[in-house]
Amino acid sequence: MTVRLWPALCLLLLLLRSGALPQTADRVVFSLGTFENISMTENATVQAVVSRIPADVAFLIVQFHTQQQNITLSYTKVPTLNSSHTAVDSGLLSPLLITQTSFTWYLLSTDKRPLTGVGVILAYNSKDPVPGGCSLEFDFNFDPSVHLHYNLYVTTITIAPANVGYARGAVLPTCNVTRGPSARLEYDVYQYFLPEGDLSEQSLLNHIQAVTSMESVVAHSTRLMTWVTSEKLSASFNSIPGQGIIYSVIVRDPVLNTSASYVPVHTYACSFSSTLDGCMTIGKVSTKIFFTIVGFAGIFICFFGHQFFKCELFCLGHAFVAIIFFVLITKTTVLDYNLRLALTALVGVVGGVLLVLSWWQFGSVLCCMLVVGLILGFLLAAVLLFTPLGELPIFQSSAVFWVTFSGIVLMVPLLFMRWPREGNIMTCGVVGAYAVVLAVNSYVYTILSYITLDILKRLLNNNYSQMLTRTPLKDIDYIMLTVWLVLGVSGMVFQLHRERTRPFFPPSLYLLWKQERERRKTNVLDPSHHMPSLPRRLQGWILNKFHHKEPAGEVTPLLL
């Protein structure tokens, strides 16, 4: 029996020594330079192990990549600030001890949903430069990651300076960037485009494997620029929302002719978690069609809204109900974006028809001005809180924000009670011109569209945080701001001039019909007073169709 167990024990010892044990749910075995696909459940911790590290390896760079969910890499099971890194493209650098042949670290998922990613461990010797080895401005002693920040227009990458290579156990070389050995290092910045329109997770995980090591980055990516240590190690590029891009940095030592790669980082210049302007909704044909129609309706309302009062009520009633319905259906369902947009447009039509019918039935100016005033109040409140005033720390509190916002929204209809016609014309000009801005935004991105989108984001996201960094206005924003002002002022002046001699509001057709009916009943001189009722007229018309008159005899025409 002992003789039979001896081969199995030898095989088990060999597997333990080589690190080739099968992977389990909480333990993954890596091989140097080999990619491993890992799936983790929510709030999970996975131990990662690599063994049989060659003696000539001076340091390791561990990296793990996901598409949209943060992952934490940590030297310890309980991560601390200086021993872990959390990002979608997370990386750690670990110098090795003189006798060290294995290395262990931990992967932690803090999201409330499962995640999938790919990890790899790259080994470097003592002559290779150390990426992020002179990290003086960051939290880690070694920071091999490329740090990325984006907004609607600009994507910025930043790295920590590297250090020259050194052997295991040696003294860390000085990080003097002007006279030290690290001053000779150079940095090449590379850019790699993912397939256009491909936002799938598997596509990213496949392509990021092609730009992880130095050789693959040079072979597949495009070099954009070269930094030297004396320069600021930061660069900015144009953002392309919806287009996946991977940025990589290679640090080179021209004296020893060696190089090393920072942990690459990817971006789509948009958010996958946003339910309103996320990566999955950018550039959709349905969005362009919807907002193009909104733009044409806005131009009509801007110049002719008060004259064609029922058309204005339909458009503004549509907008009022559509906004409320879109927020409700987005928060309570997981329907596809195109279906939600179609249902929003359909329900908005119902809302517009109901507002027109309420005017036709009751003819109440105050009731209609309440809806119109709320729409203008919504836009004015959004504009006010989009300015630097909205960036005050006090408005980070949701309670303070919504109380202030609601107060501004409700104040506008109160002013409409005093000047209803002027308020209605102002709403036509301001809201109609802004609809043109939204239509243009579906084709050319402008920060002005986020005046209202930021409000909807707060409504749709429980833990609101701005997905985009606020930036100064660009040329396109100044152009659209001018268009908004010119259209709005022109529309208001044109309508005020045309309506100066007309009644404040057109009368209700239903009330006019009722008044005419009462007048006919009491005015005996009116021929219509003696006209039979509608049922009697219908009865007579039907009888005439089935009753033929008999001829009364010979009929001779008169001779002239």
Side-chain angles (χ1 to χ4, degrees), residues 14-23 27-40 46-66 71 73-75 85 87-97 99-107 116-133 142-146 162 165-168 188 190 192 202-221 246-253 256-266:
L14 180 62
L15 291 174
L16 288 171
R17 181 178 178 82
S18 62
L21 281 175
Q23 299 183 9
R27 186 177 186 274
V28 179
V29 178
F30 278 80
S31 298
L32 293 178
T34 302
F35 290 91
E36 294 287 346
N37 293 312
I38 300 177
S39 297
M40 299 176 61
V46 174
Q47 181 188 39
V49 179
V50 61
S51 58
R52 303 187 66 180
I53 301 175
D56 61 340
V57 175
F59 63 92
L60 301 175
I61 291 183
V62 182
Q63 51 185 283
F64 194 83
H65 304 273
T66 64
I71 184 74
L73 288 184
S74 176
Y75 296 125
H85 183 217
V88 291
D89 300 289
S90 186
L92 292 176
L93 187 147
S94 177
L96 298 177
L97 302 176
T99 60
Q100 188 173 358
T101 60
S102 63
F103 179 67
T104 301
W105 76 100
Y106 296 89
L107 292 160
T116 301
V118 61
V120 67
I121 303 176
L122 300 180
Y124 296 93
N125 59 41
S126 58
K127 295 183 179 181
D128 296 325
V130 183
F142 301 100
D143 184 17
S145 298
V146 178
Y166 56 95
R168 294 192 188 189
D188 295 330
Y190 289 85
Y192 179 88
Q202 192 58 47
S203 175
L204 171 68
L205 298 183
N206 290 338
H207 285 88
I208 207 165
Q209 297 182 31
V211 290
T212 301
S213 63
M214 299 170 296
E215 297 79 7
S216 60
V217 169
V218 175
H220 299 97
S221 303
I246 302 174
Y247 291 98
S248 305
V249 177
I250 301 295
V251 55
R252 294 183 290 106
D253 189 339
L256 300 179
N257 195 26
T258 56
S259 59
S261 174
Y262 281 77
V263 177
V265 63
H266 76 277

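Since this is a predicted model, take the numbers as computed values, not measurements. By convention here, the first residue in the shown sequence is residue 1.
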Taking only residues two or more places apart in sequence, or in another chain, which ones meet [X] in a side chain to side chain contact (heavy atoms under 4.5 Å, CB included)?
X	value
T34	S31, E36
S126	A58, A167
N125	K127, D128
V88	T66, N70, H266

My understanding is that only residues two or more places apart in sequence, or in another chain, count here; which of them pass side-chain hydrogen bond (donor to acceptor under 3.5 Å, both in side chains) with [X]?
X	answer
D56	none
S216	S213
Q202	N206

Looking only at heavy atoms, which two atoms of [X] and [Y] are closest? And how far apart?
X	Y	result
S145	V263	CA-CB, 4.1 Å
R168	Q100	NH1-O, 2.8 Å
P264	T212	CG-CA, 4.4 Å
I61	S261	CD1-O, 3.7 Å
H85	S90	O-OG, 2.8 Å
V217	V211	CG2-O, 3.2 Å

### Message
With side-chain contact (heavy atoms from CB on, under 4.5 Å) as the criterion, how do M40 and I38 come out once you've worked through the C-alpha distance, each side chain's angles and the decisive distance to 0.1 Å?
### Response
CA-CA 7 Å; M40 299 176 61; I38 300 177; 3.9 Å; yes
Any [X] side-chain heavy atom under 4.5 Å of [Y] side chain:
X	Y	result
L93	P131	yes
L205	T116	yes
T101	R52	no
Y124	V57	no
V50	L32	yes

### Query
Under the salt bridge (charged side-chain N to carboxylate O under 4.0 Å, His left out) test, which residues partner R252, sequence neighbours left out?
E186, D188
### Task
Under the ring pair (Phe, Tyr, Trp, His ring centres under 6.0 Å) rule, what do W105 and F30 come out as? Steps first, then yes or no, please.
CA-CA 11 Å; W105 76 100; F30 278 80; 5.3 Å; yes
Straight-line distance of [X] [atom1] to [Y] [atom2], nearest 0.5 Å:
X	Y	atom1	atom2	value
S51	F103	OG	CZ	13.0 Å
M214	T258	CE	OG1	8.5 Å
I246	I208	CD1	CD1	4.5 Å
L92	S74	CG	OG	7.5 Å
L60	L122	CG	CG	9.0 Å
L96	F59	CG	CZ	9.5 Å

For [X], ring-ring contact (aromatic ring centres under 6.0 Å, His included) partners two or more places apart:
X	value
Y190	none
Y262	none
Y166	none
Y247	F237

### Query
Using the ring of each side chain (for Trp, its six-membered ring), is Y192 parallel, tilted or perpendicular to H207, with breaks at 30° and 60°?
tilted
#### Entry: Any donor-acceptor N or O pair under 3.5 Å, side chains H65, Q63
yes
### Task
Give the C-alpha distance, both sets of side-chain angles, the deciding distance and a yes or no for side-chain contact (heavy atoms from CB on, under 4.5 Å) between V28 and Q47.
CA-CA 6 Å; V28 179; Q47 181 188 39; over 6 Å; no
